[in-house]
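Below: one structure, written as C-alpha cells.
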Amino acid sequence: MAGRAIAPLAKSSPVTRGQNSNARSSVTAQIPVFLRKALGFENCQVIDQILYKSPAIPVLERQKFAAAKAARKFSPIFFKFGSPADETHAVEPNGTMTQAAALRDDAGDDDQLAAEAQRLHQAGHAAAAAAICRQILDSTPAHAEALHRLGLILAGDGDPAGLVLLERAIAATPADRLGLFCSNFGAILLQHGEPDRAVEILRRAVAAAPGYRRAYDNLVAALTASDRPADAAAVLFTLANRLTNERAYDEAAVQAEAAAALDGSRAPYWRLLGNLQRTLGRRETAVAAYGRAIALEPQNLGLRLGRAIALLPVVNTDLADIEASRRAYAADVAELARLAATVPAPLLAAAAFQIGDSQPFYLSYQGRCDRELQCHYGSFATAAMAASLPDLPAPEPVAPLAGRRLRIGFASAYFHNHSVSKLFRGWLEQLDRERFEILGYDLGAGGDAMAAAMASACETCRSKLGDSGAWAAAIVADRLDVLVHLDVGMAPAAIRLAALRLAPVQCVTWGHPTTTGLPTIDYFLSSALMEPADGAEHYSERMVPLPGLSIWYHAPPPPGPVELTRQDLGLRDDAVVYVCCQSLFKYLPQHDGVFARIASRMKTAQFLFIAHPSADVTGKFRTRLEKAFAARGLEIEGRVVFADAVPQERFPDLLRAGDIYLDSIGWSGGNTTLEAAAVDLPIVTLPTGLMRGRHSAAILVRMGLRETIAIGVEDYCDIATRLGSDPEARDAAVAAVARNKAKLYCNRQSIEGLERFLTWAVSRLAGAEVARI
C-alpha cells in the first residue's frame, strides 16, 4: 500500500536523555514499523533509547544500529521496498525528501524483507542484512531464505553457527532453491576447511539443479581440494557436455580442456575437446586433441573418423589450404572405407556414436565435386550403423498399388522455423491426399508455429522417440513406400537414419544440396532449373530433376514496420549497402577480390556480412578480406561490417537495410535469396558448375530476370557496380523484382512432378511401372 515520505531527523538542538518524551516520540514517529523490524529491534523505544545513547542499551546494540545507519546512509532514515522499476528518493540540498514513488509504511511479507536482506548483503552491508534476517526468524523460525542469508553472513565471518543455519535452510528450502542453497553451503564448507563434506553437499547441488553453473565450479574446487583430480575432471566433462548441448561452444571448450588437463588418460575427454575445437574453427588444436584420443584408444574407428573430419577447415585460408585439407581428408576417409569392409562388427558398432557428430559438412563448401569422397564416408557410415543395429528388421517389400494410397514419410530435424522447413513444407501440404498418405518424422526439438504447421500437414507425425534405434524401429514399423529425407549432412540424427535401409524407396532433397554418398539413398530430388547439364554425374544417388525450382513455396507475409535500422547494424545512412548475408564458410577465398574490386569502383560501398558465432572463424575471414583489400590499396574499415546474427523475425529488416543482394559465388543462396526477393532486393549472382552454386540463378530465371545473372567474375563486378552507382538502374531492378516475385510462390507444377516421381518409383518396385518420370 502507498505510504508517506519520511522527513529527515532534526540535526540542530538534538533531544537529550530526560527531555520531554513527546519530543522523543515526535522523532521516532518518523520511523515506520517496517524499518524498526528491519533493523531487528523490538519496538520504537529501543530505537529511541539508542538514538539518545541511553546507558540502558548495550554498546553492541548501539553499534548494530550505527552499522545499519551507515549501511543505509540514514540521513534521513529510509528503506525502499518495491519493484525494480520504482524510482528512488533523493535528498534535496535543503534536506527535504522528494518522493518519486510510493514508500511502504508497513513491513510487507517476510519474503519481501528477505529479498531486501539479500540486496543489502550483496551490496556489502552484512550487518543490516543480518538484522533483517533475525527479525524474520523471530516470527518465522523456519524461513528458508532468512536462514540461508544469515547463515552465509555468520559463516562468512568465521562463526560456525552459520553452518548450522545453512543446514537448517537446506532442510526447509523448496526444491527450486535446493541447488542454490546446497551450492552456497558447499562453498562455505570449503572455506571452513571441510572439503569432503563440501563434496557431498555440492553433489546434491548439481543433482538438484543440473543447469546451475556455479554448483559445478564449486564441486570442482572441492574435489580438487580433496585431492581427487580424476573426479574433478569427470565433473568438468559433464559440464562441457551440458554447455555443448546449449551451444555455448567457447565455454564448453574451456571446460573440456580443463578436464583433459586434470585427467589426460580418458579418450572421451580428448574426443569432446576435438569436436568443440573443430566447431570453433580451430583446426590444428582439434586434430591434436583427436590425436591424443587415438593414442589412448588406437582401435577406436570413431575417433579416427573424428580426426578425418577435423582436417576440414570451417573457413579456408586460400586455394592451397583447400587442396591440402582435401588430400589429407581423402587419405583418411578412404582408409576408413577400406576398414569398414574388413574389421569385426563390434569395432564398427562402437564407431556408430561418431556418425553424425562427425560429418564432412565443410567439405561441400570447397567448391568441388565431392562424389568420390562422399562415397567413402557413406560406405563407412552405413557399415557402422548397420553393425550398431544388427536386429533391425528389413522393410517389407512394396505391396500392390491397386486400391490403396502410397505411404510417404518425410524426415528432418528441422520441422521448426528453418530454411529446410520453409523450402519443403509445401510438399507435405500439397501432395494429393487421395493418392498419398503423409507421415512426418520430426527428428528435432520442434515446438514452434512452423513445427505445428508441419505436423498438421501430416496424417501421422512422430517426434521425440529417443535414440536412432527407436526411430529406426518406428519408421520400419510404419511400412512406408517412400522415405524422403528433407536434408542429410547437417543434423546428427538425419545421417544416422539415412545410413539405414528403413523403406523400399529412400530419397534425399536439396535441403543440404550435395550428394550423401550413402548406398542406402536411392534418389536425389533436385530442381530442373538448378542443375547443370552434367549434374547427374555429381551424385551417388540417381538425380531426379523436378520441374522449376522443385518446391511449393509459401509467399512470405508482407514485412512489418522496420525495427532494425542501419544504425543498429553499424551501417552508414549514405552508403550503398551490399548485403552479403550468407554463412562465412560459403565464401571461397579465390573470390575475395570481388569485394575489393567493387569497393575500388564504389567509394560509398559498404558490405554487410553476418559474423560467425566463433570469433576465430570471423577473424580468419576478416583477415582474408583485409589482404584482398590491401592488394588494391584499400582498408576494410568503414567498408566492411560484420553484424551479429539477428532473430529470424528480424531478418527481413536486415535485408531491407541493404540496397543490393550480393550472392555468394560457389555456394549460392537458396531460401535466403527467396527472402531477399520478398523484400524486392536486386539480386546479383554468378552461377557455377555445381547445383549448389546455381540456386539464385534459377530463382532469377524463374522470375524472368536474367539481366543480373553474371557470366564471369568481371561481369559480376560490373553488374554490382552499375546497380550501386546508378540509382535509376537500381530502382528499375527493384521494381522488376517486385513485379515478378509472385512467380516464385505456390508452383503446382513442382508438386505434380513430385507426385509423378513418387508413383513411378514405387510402381517399378511393385512390378507395375506406370510411367516414366
Say whether T565 and D568, considering side chains only, have a donor N or O and an acceptor N or O under 3.5 Å apart.
yes

Taking only Lys NZ, Arg NE, NH1 and NH2, and the carboxylate oxygens of Asp or Glu, determine whether D718 and R601 approach each other closer than 4.0 Å.
yes

Under 3.5 Å, is there a donor-acceptor pair between the side chain of Q430 and the main chain of W552?
no

Using a distance-only test with no angle check, is there a side-chain donor-acceptor pair under 3.5 angstrom linking Y553 and N671?
yes

Is the shortest distance from a Lys or Arg side-chain nitrogen in R282 or D616 to a carboxylate oxygen in the other one below 4.0 Å?
yes

Between CG of L705 and CD of E707, what distance do you get to the nearest 0.5 Å?
6.0 Å

Of all heavy-atom pairs between L634 and A596, which one has the smallest distance, and what is that distance?
CD1-O, 3.7 Å

Value for CD1 (I709) from CZ (R694), rounded to nearest 0.5 Å, stands at 9.5 Å

R624 side chain to N316 main-chain N or O, any donor-acceptor pair under 3.5 Å?
yes

Let me see the working for F621 and T618 under side chain to side chain contact (heavy atoms under 4.5 Å, CB included), right down to the final yes or no.
CA-CA 5 Å; F621 181 74; T618 302; 5.9 Å; no

Hey, are the side chains of V254 and Y249 touching, using non-hydrogen atoms and a 4.5 Å cut-off?
no

Rounded to the nearest 0.5 Å, how far apart are CG of L588 and OH of Y365?
11.5 Å

Under 4.5 Å between any side-chain heavy atoms of E246 and R242, yes or no?
yes

Please report the interatomic distance CG(L529) to CE(M691), rounded to the nearest 0.5 Å.
10.5 Å

Shortest non-hydrogen pair, N218 vs S183, comes out as ND2-OG, 2.8 Å

Looking just at side-chain N and O atoms, do S364 and T514 make a donor-acceptor pair shorter than 3.5 Å?
no

Any donor-acceptor N or O pair under 3.5 Å, side chains S527, S550
no

Does K743 offer a backbone N or O that forms a donor-acceptor pair with the side chain of N747 under 3.5 Å?
no

Between R639 and E635, does at least one N-O distance fall below 4.0 Å, as a salt bridge requires?
no

Any donor and acceptor pair, going by atom type alone, linking the side chain of Y716 with main-chain N or O of D663 inside 3.5 Å?
yes

Check: R730 side chain, L723 main-chain N or O, donor-acceptor pair, under 3.5 Å:
yes

Is the number of heavy atoms from other residues, nucleotides or ligands within 6.0 Å of CG (D176) greater than 12?
yes

Closest non-hydrogen atoms of A575 and R566, given as atom of the first, atom of the second and distance, are O-NH1, 2.9 Å

Has D726 got a side-chain atom pairing as donor or acceptor with R722's backbone, closer than 3.5 angstrom?
no

How about E649: does its CD atom have over 12 heavy atoms from other parts shown lying under 6.0 Å from it?
yes

Residues, nucleotides or ligands: over 12 heavy atoms within 6.0 Å of E728 CD
no

Is the side chain of T673 donor-acceptor paired with the backbone N or O of S696 at a distance under 3.5 Å, no angle test?
no

Going by heavy atoms in the side chains, are E429 and M454 under 4.5 Å from each other?
no

Between L686 and G712, which heavy-atom pair has the shortest distance, and what is it?
CD1-N, 3.4 Å

Polar side-chain atom of S668 near backbone of G693 as donor-acceptor pair, under 3.5 Å:
no

Looking at side-chain heavy atoms only, is the closest gap between V640 and Q606 below 4.5 Å?
no

Test salt bridge (charged side-chain N to carboxylate O under 4.0 Å, His left out) applied to R692 - qualifying residues, sequence neighbours left out:
D370

Indicate, with yes or no, if the rings of F361 and H512 have centres closer together than 6.0 Å.
yes

Could you tell me whether the side chain of D653 reaches within less than 4.5 Å of the side chain of V646, counting heavy atoms only?
no

Would you say the side chain of F607 lies within less than 4.5 Å of the side chain of I598, judging by non-hydrogen atoms?
yes

Smallest separation among heavy atoms of W510 and L525, with atom names:
CD1-O, 3.5 Å

L654/L608 under side chain to side chain contact (heavy atoms under 4.5 Å, CB included): CA gap, chis, key distance, verdict
CA-CA 9 Å; L654 182 144; L608 175 61; 4.0 Å; yes

Kindly list each side-chain donor-acceptor pair under 3.5 angstrom involving residues 576-585, sequence neighbours excluded, with atom names and distances?
residue : atom : partner : partner atom : Å
Y578    : OH   : A720    : O            : 2.8
Q582    : OE1  : K586    : NZ           : 2.7
Q582    : NE2  : Y661    : OH           : 2.9

Return the minimal non-hydrogen interatomic distance between P556 and A678, and the atom names on each side.
CG-CB, 3.7 Å

A side-chain contact here means heavy atoms from C-beta on lying under 4.5 Å apart; do L690 and W667 qualify?
no

Would R326 and Q366 count as a side chain to side chain contact (heavy atoms under 4.5 Å, CB included) if you check the C-alpha gap in whole Å, the side-chain angles of each, and the deciding distance to 0.1 Å?
CA-CA 9 Å; R326 286 180 77 86; Q366 295 182 334; 2.7 Å; yes

Are the aromatic ring centres of F595 and F609 under 6.0 angstrom apart?
yes

Checking R278 against N275: is there a side-chain donor and acceptor pair closer than 3.5 Å?
yes

Any side-chain heavy-atom pair from M602 and T604 closer than 4.5 angstrom?
yes

Interatomic distance, SG@C717 vs NE2@H591, rounded to 0.5 Å, equals 10.5 Å

Kindly say whether L486 contributes a backbone atom to a donor-acceptor pair with the side chain of T509 at under 3.5 angstrom?
yes

Give the intermediate values and the outcome of side chain to side chain contact (heavy atoms under 4.5 Å, CB included) for residues F642 and I610.
CA-CA 5 Å; F642 291 93; I610 297 179; over 6 Å; no

Could you label the plane-to-plane angle of the Y414 and H416 rings as parallel, tilted or perpendicular, counting under 30° as parallel and over 60° as perpendicular?
perpendicular

Considering only NZ, NE, NH1 and NH2 on the basic side and carboxylate oxygens on the acidic side, decide whether D217 and R214 come within less than 4.0 Å.
no

Return the OH to CZ distance between Y441 and F410, rounded to the nearest 0.5 Å.
11.0 Å

If only atom types and distance count, is the side chain of E257 paired as donor or acceptor with the main-chain N or O of L273 below 3.5 Å?
no

Does this structure show an ion pair linking D592 with R597, if we count only N-O contacts that are shorter than 4.0 Å?
no

Between D321 and R283, is there a side-chain N and carboxylate O pair less than 4.0 Å apart?
yes

Residues R622 and E637 bridged, charged N to O under 4.0 Å
yes

K627, NZ: over 12 other non-hydrogen atoms inside 6.0 angstrom:
no

Exercise: do E675 and S419 side chains pair donor with acceptor under 3.5 Å:
no

Donor + acceptor pair across side chains of Q648, H418 (<3.5 Å):
no

Presence of salt bridge, R213 and E251, under 4.0 angstrom
yes

